[in-house]
Structures are given as C-alpha cells and as structure tokens.
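Here is how names work: the chains are called A, B, and so on, in the same order as the sequence lines, proteins then strands, and each is numbered from 1. Heavy-atom basis, side chains included; hydrogens, waters and symmetry copies ignored.
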Amino acid sequence: MGIHGLSKVIADNAPAALKEVPIKACFGRKVAVDASMSIYQFLIAVRQQDGMQLTNEAGETTSHLMGMLYRTIRMFENGIKPVYVFDGKPPDMKSNELKKRGVKREGAEKAAAAAEETGDTENFDKFSRRTVKVTKEHNDDCKKLLKLMGVPYIEAPCEAEAQCAILAKSGKVYAAGSEDMDTLTFGTPVLMRHLTFSEARKMPVVEIELAKVLEGLEMTMDQFIDMCILLGCDYCDSIKGIGPTRAVSLIKEHKNIETILEKLDSKKYPAPEDWPYQAARELFRAPNVTKAEELDVKWEAPDEEGVVAYLVGEKGFNEDRVRSAIQKLIKTRTGTTQGRLGDYFKPVEKPAGSTSAAKRKMDAKAASGSAKKKGGSFMKKK
DNA sequence: CCTCTCACTGGAGACGCG
DNA sequence: CCGCGTCC
DNA sequence: ACGTCCAGTGAGAG
C-alpha cells in the first residue's frame with residue numbers, strides 16, 4: 001500500500017523533486033525493479049475475454065511469463081537494464097495488514113466462485129482479479145526465464161522495495177523503478193515512475209529525487225520517515241484525523257512523532273493504542289537487506305535455445321514470436337554495451353533533435369503537459 | 001462554504017492487424 | 001493514429 | 001505462502 005498520499009504531498013510541497021525525463025535520456029541506465037509487483041500486475045491484467053488467464057495445454061498459467069518477457073525486452077530496447085528483485089519474508093509488523101488483505105481475498109474468492117457457477121462472466125472477471133496471489137511457482141517460473149534471458153535477479157531477505165533502495169544507494173543501479181512511493185522512505189536516491197509503460201502509453205518517465213524532496217519539504221531524512229508514518233504506511237496505523245496537510249505541518253513544527261504526541265490534543269486526535277511507530281521507523285531506517293557489495297549484478301548473453309525450449313517446449317508459446325523477441329534482445333543488448341556506455345551517467349534533459357522519435361516524444365510531452373497540472377483536487381482511496 | 005477524511009469503485013499488459 | 005482482438 | 005495503487009466519486013465532520 002506504500003505511503004498514503006505521499007505522491008501528492010511531494011507534488012504540492014516539493015515540485016522541484018519531480019522531473020519528467022524523455023525515455024531517450026534513460027539510455028544505458030540500470031534500474032532495480034520489484035519483480036513480485038510486476039508479476040502481480042501481469043496476473044491481473046493479462047487475460048482473455050472470458051476473464052481467464054493465459055495457460056498452456058496443461059493448464060499452467062503463462063500470463064506472467066508473457067508479460068515478463070515482452071516488458072523486459074521493451075526496456076532493453078530503450079537501453080534500460082533491469083535487475084529484478086524478489087520479495088523475501090515480510091516483516092512481522094506487516095502481518096496485520098496482510099491479514100486484512102487475506103480476508104478480503106477470501107471474500108473475493110467466494111464471489112468469483114459464485115459468479116462462475118451462474119455463468120456470470122462479468123462478475124467472475126471482476127472478482128477473480130481480486131483473488132490474484134503470486135505463488136512460489138510464479139516466482140520460480142520468472143526466475144527461470146530471467147536466467148535464460150541473461151537478466152540478473154536478486155532474492156531479497158525481506159521487502160523488495162528496501163532492497164531496491166539499497167542497490168540504488170550503493171550505485172549498483174541508477175534508480176529504483178517502481179510505482180511504490182515507500183521506496184523513497186527506504187532511502188532510494190532516485191525513484192523512476194511510469195518506467196514500464198512510458199512508451200506504450202506515451203506517459204513520460206518521472207524521476208523523483210530524494211534529496212530534492214527533503215529540500216522542498218525542509219525536512220531531514222528522519223523527519224521525512226516520521227512524516228511517512230503519519231501519512232500511513234504498511235507497518236502500523238496512523239492517527240485518525242491527521243492527513244497530508246496536518247502531517248506535513250506537524251512534522252515541520254515538532255520535528256518528530258514523540259514531540260507531536262506530547263503537544264497534540266489527545267482528545268481530538270488520539271494516537272492508536274499500543275502504537276508501534278518506533279518499530280516502523282526502525283524498519284525504514286535500517287531495513288533487513290543484503291548488502292550491495294555482496295551482490296553480483298551482471299547482464300549476460302541470452303540463451304536463445306534455452307528460452308525456446310522453456311517457453312515453446314514447456315509453456316506452449318509460438319516459436320516464431322519467441323525467436324524474434326529474443327533476436328530483439330540480442331540486437332539491443334550488443335548495441336547497448338558497444339556504443340552507449342559513454343553517456344550513461346549524464347541525465348541531461350535537452351530540447352531534442354530532429355529524429356522522428358524525438359518528435360514523437362515532444363508531441364507526447366506537449367499533450368501530457370496540457371492534460372495535467374491540475375493540483376487542486378482531492379484524491380482519496382481506501 | 002471550505003477543508004479534510006474516509007469508504008467505495010474501477011481499472012491496470014503488450015502486440016499487431018485493419 | 002486509433003480500436004479491438006489475440007497472445008497461451 | 002502474504003502482496004497494489006491511483007483516480008474519481010460522495011457523504012459527513014469540523
């Protein structure tokens with residue numbers, strides 16, 4: 001669930017931290033991506049008309065492999081080298097949150113089963129998407145595919161987002177590529193959003209720079225973490241009646257949650273009972289991660305025959321499609337390491353030249369520029 | 001009237017053809 | 001440049 | 001053996 005409302009807080013209070021980056025300027029960048037989150041999205045989205053996932057003849061789901069294969073290749077075509085990070089064991093503090101989600105999913109499972117029985121495809125589709133769960137098999141399938149593709153992956157001991165942040169902090173990758181704002185709370189210096197579908201949807205990549213977030217909010221990192229806890233994180237409740245506006249001003253005035261609890265009118269804004277905000281804070285400050293020095297992150301040549309044997313032989317993919325996909329990977333991969341290594345740390349944003357690609361980018365940018373900037377409204381979710 | 005919170009909802013991938 | 005069906 | 005996250009809506013409190 002990330003940090004509740006953080007993206008709006010940043011947009012309102014630290015706009016300078018946000019930068020729209022043409023996808024071209026991302027060429028050569030290495031990025032850490034939360035694998036489980038990607039798989040989850042594929043399992044939800046990659047379906048056929050009847051709401052069923054794609055499967056091979058044996059009935060094994062293939063939606064996640066399809067998504068992983070093509071999205072990864074698309075990133076490579078743009079010169080972006082992903083390293084996938086898999087979740088480990090969730091922290092104990094998350095168990096309350098997880099229990100809530102489990103109960104919800106059970107309800108959805110029942111509703112989906114009922115809809116299936118009565119032949120209500122619309123409702124079956126709707127509810128079955130809410131029953132999606134990434135299993136060990138899904139993860140293992142994707143690890144096998146990535147290995148064959150020559151794309152590195154890491155198994156995090158705990159939260160993938162925290163591991164992504166460490167990789168970026170250490171310089172092993174340029175940024176964490178995620179939609180999940182708590183990657184910033186875990187301390188990634190740069191967060192890249194809308195990375196995966198920027199080309200397909202003409203949505204610009206947005207970079208969020210942590211240093212500028214802190215500058216704009218006039219907070220230290222510790223104050224920022226406390227603010228995130230007040231906004232609402234996965235690890236503990238927040239104070240009822242304190243939303244984005246009050247969270248920002250309370251931290252600015254009192255600097256930390258301890259002082260806020262002293263000064264705040266506890267009749268009006270009672271803190272949750274047995275509120276483990278200090279433990280949550282500790283999870284953000286010092287998360288359980290593997291040290292970056294111990295990790296080996298290398299992109300290798302894809303094993304075309306291996307990929308074909310797996311996807312075509314075992315999973316029923318179309319051979320021509322798989323081979324041409326791998327060819328794209330091989331072509332862009334060698335192109336990347338040969339020519340472009342030089343400009344890989346310069347994020348320069350420039351007006352762009354005269355290529356058709358550049359022109360398309362500018363059009364997309366202009367369109368999105370007029371459609372957005374609408375900062376007044378209030379948005380809420382659950 | 002304005003500001004804010006909360007609850008509920010829907011939609012979400014990538015490709016290629018016409 | 002789209003809308004929409006197909007991928008497995 | 002878990003797991004989203006945004007954006008739009010409306011109701012209600014202060």
Q: Looking at the side chain of A:R130, which of B:dG10, C:dC8, B:dC4 is the nearest nucleotide?
A: B:dG10

Q: Using the side-chain heavy atoms of A:N318, tell me which of these nucleotides is nearest: D:dC2, D:dC5, C:dC8.
A: C:dC8

Q: Using the C1' atom on both, measure D:dC2 against B:dG10 and round to a whole Å.
A: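 Each nucleotide's C1' atom is 24 Å from the other's.
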
Q: For A:K315, answer base if it contacts any base atom (sugar-phosphate contacts may also be present), sugar-phosphate if it contacts only those atoms, and nothing otherwise; contact means non-hydrogen atoms under 4.0 Å.
A: sugar-phosphate

Q: For A:H138 and D:dA1, give me the distance from atom NE2 to atom P, rounded to whole Å.
A: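 Result: 18 Å.
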
Q: Filter on side chain to side chain donor-acceptor pair (under 3.5 Å), then keep only pairs touching residues 208-226 of chain A, sequence neighbours left out; what's left?
A: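 Qualifying pairs, neighbours excluded: A:D222-A:R285, A:D226-A:R281.
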
Q: Measuring from A:I73:CD1 to A:N78:CG, what's the distance to the nearest 0.5 Å?
A: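 Reported value, rounded in 0.5 Å steps: 12.5 Å.
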
Q: From the list D:dC2, B:dG13, C:dG5, which nucleotide is the closest neighbour of the side chain of A:V46?
A: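 In terms of side-chain proximity for A:V46, the closest of D:dC2, B:dG13, C:dG5 is B:dG13.
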
Q: For the side chain of A:Y70, counting heavy atoms from C-beta on, which of D:dC2, B:dG13, B:dC15 is nearest?
A: B:dC15

Q: How close or far is atom P of C:dC8 from atom NE2 of A:H64, stated in whole angstroms?
A: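 In whole Å, C:dC8 P lies 14 Å from A:H64 NE2.
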
Q: Considering only NZ, NE, NH1 and NH2 on the basic side and carboxylate oxygens on the acidic side, decide whether A:E305 and A:R323 come within less than 4.0 Å.
A: yes

Q: Give the nucleotide from the list D:dC6, B:dA12, D:dC5 with an atom nearest to the side chain of A:I44.
A: B:dA12

Q: If you check the A:Q49 side chain, which of C:dT6, C:dC8, D:dG3 turns out closest?
A: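 That would be C:dT6.
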
Q: Of all the choices, B:dT5, B:dC4, D:dG3, which nucleotide is nearest to the side chain of A:V134 once you look at every atom?
A: D:dG3

Q: Run the salt-bridge test on A:E155 and A:K143 with the 4.0 Å N-O cut-off and return the result as yes or no.
A: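 Salt bridge: yes.
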
Q: Students often get this wrong, so: under 4.0 angstrom with heavy atoms, is A:Q48 touching a base, only sugar-phosphate, or nothing?
A: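 Base, at least one base heavy atom under 4.0 Å.
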
Q: Under 4.0 Å between a side-chain N or O of A:R74 and OP1 or OP2 of B:dC15?
A: yes

Q: Is there a side-chain contact between A:R71 and the phosphate of B:dG13, meaning an N or O under 4.0 Å from OP1 or OP2?
A: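 Indeed not, no polar side-chain atom of A:R71 lies that close.
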
Q: Go through D:dC6, C:dG5, C:dC8 for me and flag the one nearest to the A:S7 side chain.
A: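 Closest of the options to the side chain of A:S7: D:dC6.
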
Q: Side chains of A:Q41 and A:R71: closer than 4.5 Å at any heavy-atom pair?
A: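 Sidechains of A:R71 and A:Q41: in contact.
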
